[in-house]
Amino acid sequence: MTLTPAAPATTVDDVLRDGTVYSVFQPIVELDTGNVVAYEALARGPQGPLERPDRLFAAAREAGRLAELDAACRSAALTGALAAGLAAPLTLFVNVEPEVLDRAPLEDLLDIARAAPGGLRVVLEITERALATRPAELLRTVERVRSVGWGVAVDDVGAEAMSLAFMPLLRPDVVKLDLRLVQERPGPAIAEIMNAVNAHAERTGSVVLAEGIEHEAHLAMARALGATLGQGWFFGRPGPGPVEGAATGSLVLPSQVPDTVSEDVDVSPFACLPIDVPLREAPKALLIELSKQLEREALRLGAASVVAATFQEARHFTPATTLRYRDLVERTGFVCALGEDLPVEPLPGLRGAALDPADPVRGEWDVTVLGPHFAAALLARDLGDGGPDAERRFAYALTYDRDTVVRATAALLARVAPRQEPLPSAPHPHTAAPVRPPTGADRFDVGVLVSATGDTLVQGALAATPSGVSIVDVRLPDQPLVYVNPAFERLAGLPRHELLGRNCRFLQGTDTDPAAVAAIRRAVDAGEECRVTVLNHRGPEGTPWWNELHLAPVTGPDGAITHYIGTQVDVTARVEAERALVQERDRTRSYLARIEELACTDPLTGLPNRRRLAEQVDTAIWNARARDEAVALLFVDLVGFKAVNDRFGHAAGDELLGAVADRLGSRLRRSDLLARLGGDEFLVALTGLPQATAAAEARHIADELAAGVARPVALGDREVVVRASVGVSVWPEDGADFPALLHSADMRMYATRA
């Protein structure tokens, strides 16, 4: 009886039925000692069309069996590690697919880990896609992982700014730097990433791991970036088991304190306030202005920030709010908004959730802003007033305590609905290292290339296509062009005989984005497809044009990549239109900012008006409360100003007011505040004063300001003299808020005049 070999698995159903998923393991090395302290498990499918993990996971996603495949991969990782002898003190890094976070069973994995001789230490890797896709499920998964004593790693940190924004919430034990940080030339973006990563590591003790180390220069850069662990082909490629003869060590992770973030995800943000935080009462109108200020802080932080807000009911998410949150979505890392009857996506890119009427968050007004170096939250609870909406009162606190802001943000994110639309097909996180190109039915035959250069029908088809088509031979030195169609000749601005035999880099210039070029190189080195829009130059004159480039590998009968086919489309008009739209949007924003500035600025002196100073003093009081300091308010009234106006005219009076504003400002510190109240009245706020001496210091400054104002002022060819009466009030003795301080200072000013 003759046995025929089993046919290769061609569907996900075959793979899951036969249990043919397996893992290979790539070493993770301690840079100072060279010891291997961990291995990362990388999934592989059975030989055939689904061997590559990106194809395997794409097929599972399409078949609706992603959760089953992901569980099979994690199980294969642990059982494979035990079979290969990767036990303690080594640590195993295992990936989790972000789309199935809430369905990822840990119990089976725990049983496998407990059965290992001496136990098996595990670090669960979470990819960047999980951060935006399912934040609520992500926080719950981190809680479960921490509860069983496993570690958490965030992968590809720096590939997108969102990973930086979420680090305070996840508190990863290991921060895995995206490989471009060690492989590309340092620039502002890398500096920003490292500032955030180093700040997080300093606060939490997290370990920094650099990926993509392939030679000594990469290793030197990894050390310079602060990494203590390294991974890449320089230390070893993925294999079936441990690196032979390698010295091993133990991975030391930070000692984890109880996870207060995870404990608070089911409570309301207002309940996250410490019990000793003093609360104030304010109408909704003030909360709106405080919320806008926090939104402006988030815009300043940019893509590395998380913004979370709740609006009680959908009707409070007004058209004006929509405009502000559209800006936040475009310019920050992650934004969510919650409210009763609010859609799960109130506007494109804004994540949300419809609150249950019984949810305690339904009765709150919360706005949190969290970034690598900034944390602030407005946490308020509705007091149940009736009457006009803007006058409804809330009990509230404005806090900059980082732990409180983190807990409040986690409480809101725990309620965010998962993104429903399917994710684009992308390499699964298990594909950390290049794998062998596909074989079998998915392979292009090299005969296609022969036809492309010799077959009349194919030549005619390629000549007729409006897109540029080129073919390079990757087996030849410098990977030269071996075929171009007429459309490519027109795009390049050169005839065919000047193109063949050259590397495509001649299309690039000094202004071509290095990141786009690096993306192309990485794809070719890994044998993968690539889509990128890159700035190229046409002909001897070097006319710039934008090229939407698609590169696809072609393999020969042995499965090795022999050629790359490139298609090029001139999208210059589209790119220029998009840039023009961005410029117009920025111009509109500048106009809106100017309008807002005018609404809060005195047009004569350029100083803030009463409205803006009230906001600034309110913030200064909260800072003073946190630091046990005092704030003083000085009411400055000019004596004799009306006589100048009557004698010399309003133009001279305006000139005098400008001169007085300059004198007042020149005698204040940079941290102090100066505003024009109106007419001949000015306000000065002194911040950061010691409580014990605040009144005396404020009176001393008041005397100095009065003396400065009393000096003669030159108006053209004449001099005028005015005096200043100054009333002083000090927080907290003379008032709990700006209106009370203003009234007290006003009364004392009149007393000095008498």
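Bear in mind the structure is a predicted one, so any value in this text is a computation, not a measurement.
- Of the residues T321, L378, D366, the one that meets the side-chain contact (heavy atoms from CB on, under 4.5 Å) test with S291 is L378.
- D327 has no carboxylate O lying under 4.0 Å from a charged side-chain N of R324, or vice versa, which leaves the two without a salt bridge.
- Put simply, OG on S725 and CZ on R748 are 15.0 Å apart, with the number rounded to the nearest 0.5 Å.
- The pair E295-K292 does not count as a salt bridge, with every side-chain nitrogen at least 4.0 angstrom from each carboxylate oxygen.
- A salt bridge does not link R610 with D602: every distance from a Lys NZ or Arg NE/NH1/NH2 to an Asp or Glu carboxylate oxygen is 4.0 Å or more.
- Screening K284, E340, R392 for a side chain to side chain donor-acceptor pair (under 3.5 Å) with Q312, the sole residue that qualifies is R392.
- In this pair, W365 and H316 present their aromatic rings tilted. The plane angle is within the 30 to 60° band.
- A side-chain contact (heavy atoms from CB on, under 4.5 Å) with V361 holds for exactly one of V267, D356, T310; it is T310.
- Between the T687 side chain and the S671 main chain, a donor and an acceptor come within less than 3.5 Å of each other.
- No donor-acceptor pair under 3.5 Å is formed between the side chain of T601 and the backbone N or O of P603.
- Aromatic ring centroids of F317 and Y325 lie under 6.0 Å apart.
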For this session: Start with the C-alpha gap between R407 and D403, add the side-chain angles, then the distance that decides, and say whether salt bridge (Lys or Arg N to Asp or Glu O under 4.0 Å) holds.
Result: CA-CA 6 Å; R407 291 195 296 270; D403 289 340; 5.0 Å; no
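- Under the 4.0 Å criterion applied to side-chain N and carboxylate O atoms, D382 and R362 are not assigned as salt-bridge partners.
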